[in-house]
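Indexing begins at 1, ligand by ligand and atom by atom, following the structure's order.
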Amino acid sequence: MTGAASPIWHPFTQHALQPQMTPIVRGEGAYLHAADGRRIIDAIASWWVVTHGHCCQHIVRAIQAQAERLDQVIFAGHTHEPAERVAAGLLELAPAGLAHVFFSDSGATSVEVALKMALGYFRNIGAPRTRIVVMQHSYHGDTIGAMSVGARGVFNAAYEPLLFDVAVVPFPAQGREQATLDALAAICARDRPAAFIVEPLVLGAGGMLMYPPAVLREMHRICRAFGVLFIADEVMTGWGRTGTPFACAQADIAPDIACYAKGLTGGTLPLAVTLCNDAIFEAHLAADRARTFFHSSSYTANPIACAAASANLELWRQPETPARVAAVAAAQQRCLARFRYDERFSDLRQCGTITALDLHADEPGYLAEVGPKLQAFFRDSDVLLRPLGHTIYVMPPYCVTPDDLDTIYSAIDAAVDHVL
Ligand SMILES: *Cc1c(COP(=O)(O)O)cnc(C)c1O
């Protein structure tokens, strides 16, 4: 680390409190290697994107080969084999009924595209609807539209005047599921909304809040009954995180629109997709140019990113990948069990490969301050963990070993001893 100030402005970083960044020079499997020689275990998959492991050789080789062949091409009026392979592969893996694939380059953008598809659909069928229903504590990205459908708070207070109004259903906490379903039905009947957007089974940035497939299934049924489009934001939950390739499969539902990003390229390159059913695509299909889906970004379906996604899909077609996911889920369950009767924690929870637990303290105000302290302790322990408030969670790449997990959970144990 040099002493000179860097001109770089980092994401979600308060530079006044955290002036030093850790320089990383290499990634390998579940580990990051720092410039000073430290080996850091990546317990949050580098913000939920790395699935198989860092520098997964199968994906790296596909990127290298594609970079030599075709780097970039305008995607309006043109296509290429990597994109076609990704689209075909996605339709094999995604819930039945999703039939069209729109490319973009981040999770937030895939959400913007989903919202635009929903509003375009209703306008084009001549029955305009514009209101969006969301779930309390949701997160869908940091662009203006994505923030509008996400939880409001300190993170977006400055932009509040630009955010559009939405209807909110409460989070279906254990024992209060019916209140969520009743609220959704009431809003659907009263507001005639265009769409309901939801993170299936796990609300990530909201604190790794989990709810069961039966609730997801029932919310989908209610939307169906009122002609409200169901948008599944699987940006985080996709690619095995919840134990299945996509969370919607556990509720046996087919959303009208689905957003995938993060693990789409195995966590190697930025790429996102928004999938939709025939009805939505066909509502945009007309000789009338005004019905065109007016959305693009410069790097739509970048061939190198698509080659990475295509290689990722190949890995998902091999039985080893779901087997790894199941093994990590089982290992996570064993690790979490060590805290089962530990009074320092509450709300131990797991969904597939994700575990989370809340720090329990007598003084609630104290909890808000423990996050940075925990993070500093983890940093000194060479474990990459970033608690969400008083929630500690583990979301590792699937190449993680039981020994690696043991290191992670031992660090949690020691860190909490240190701060409480
Ligand atoms: C991370 C995330 C997003 C935003 O994805 P980016 O690629 O960071 O823009 C959207 N939705 C969910 C559920 C996410 O976890």
Side-chain angles (χ1 to χ4, degrees), residues 10-13 44-51 102-118 132-153 155-156 159 163 166 168 171 195-211 216 219 230-242 245-248 255 257-275 295 297-302 305 308-309 312 351-354 356 386-389 391 393-397:
H10 288 260
F12 272 78
T13 301
I44 59 164
S46 277
W47 249 348
W48 321 346
V49 299
V50 176
T51 47
F102 193 95
F103 286 93
S104 60
D105 40 32
S106 72
T109 316
S110 73
V111 166
E112 301 281 353
V113 166
L115 298 172
K116 287 174 72 171
M117 280 181 178
I132 307 293
V133 190
V134 309
M135 182 177 279
Q136 180 191 19
H137 304 311
S138 292
Y139 176 79
H140 298 289
D142 285 331
T143 53
I144 297 291
M147 278 192 294
S148 295
V149 293
R152 309 291 166 96
F155 299 112
N156 44 42
Y159 328 114
L163 306 187
V166 295
V168 186
F171 174 76
F196 174 52
I197 180 165
V198 70
E199 298 162 81
L201 304 187
V202 186
L203 275 59
M208 296 299 156
L209 304 174
M210 301 175 184
Y211 62 90
L216 180 62
M219 293 189 302
F230 191 94
I231 304 174
D233 176 356
E234 295 234 31
V235 169
M236 186 281 279
T237 54
W239 310 104
R241 291 293 178 207
T242 68
F246 299 111
C248 282
I257 302 176
C259 304
Y260 308 140
K262 292 196 167 120
L264 170 57
T265 59
T268 57
L269 287 170
L271 186 72
V273 288
T274 308
L275 275 59
H295 192 94
S297 48
S298 308
Y299 286 98
T300 301
N302 170 263
N312 173 48
C351 184
T353 69
I354 308 167
R386 266 181 82 98
L388 294 158
T391 299
Y393 69 93
V394 181
M395 194 192 294

For atom 14 (C) of ligand 1, closest protein heavy-atom neighbour: Lys262 NZ, 3.0 Å
Atom 7 (O) of ligand 1: closest protein heavy atom, distance to 0.1 Å, is Gly107 N, 2.7 Å
Test item: Asn312 and Thr265 side chains (from C-beta on) under 4.5 Å apart, heavy atoms: no
Write out the residue and atom name of the closest protein heavy atom to atom 4 (C) of ligand 1, then the distance separating them to 0.1 Å. Ala108 N, 3.5 Å
Trp48 heavy atoms, cut-off 4.0 Å: which ligand 1 atoms fall inside? 15 (O)
Check whether any side-chain heavy atom of Val113 sits under 4.5 Å from a side-chain heavy atom of Lys116, and report yes or no. no
Atoms of ligand 1, numbered as shown, that sit under 4.0 Å from any heavy atom of Glu199: 13 (C)
Which segment of Ser106 sits under 4.0 Å of ligand 1 when only heavy atoms are counted: both
Angle class for the Tyr260/Phe246 ring planes (parallel below 30°, perpendicular above 60°, tilted otherwise)? parallel
CD1 of Ile257 to CZ of Phe196, rounded to nearest 0.5 Å, is 13.5 Å
Looking at atom 11 (N) of ligand 1, what's its closest protein heavy atom, distance included? Asp233 OD2, 2.7 Å
Heavy-atom pair of closest approach, residues Arg152 and Val166: NH2-CG2, 4.1 Å
Can you list the atoms of ligand 1 that are under 4.0 Å from a heavy atom of Met236? 15 (O)
Under 4.0 Å from any heavy atom of Gly141, which atoms of ligand 1 are there? 4 (C), 10 (C)
When you compare the side chain of Tyr139 with that of Asp233, does any pair of heavy atoms fall below 4.5 Å? no
Please report which non-hydrogen protein atom sits nearest to atom 3 (C) of ligand 1, along with the residue it belongs to and the distance in Å to one decimal place. Val235 CG1, 3.6 Å
Would Thr109 and Glu112 count as having a side-chain donor-acceptor pair, cut-off 3.5 Å? no
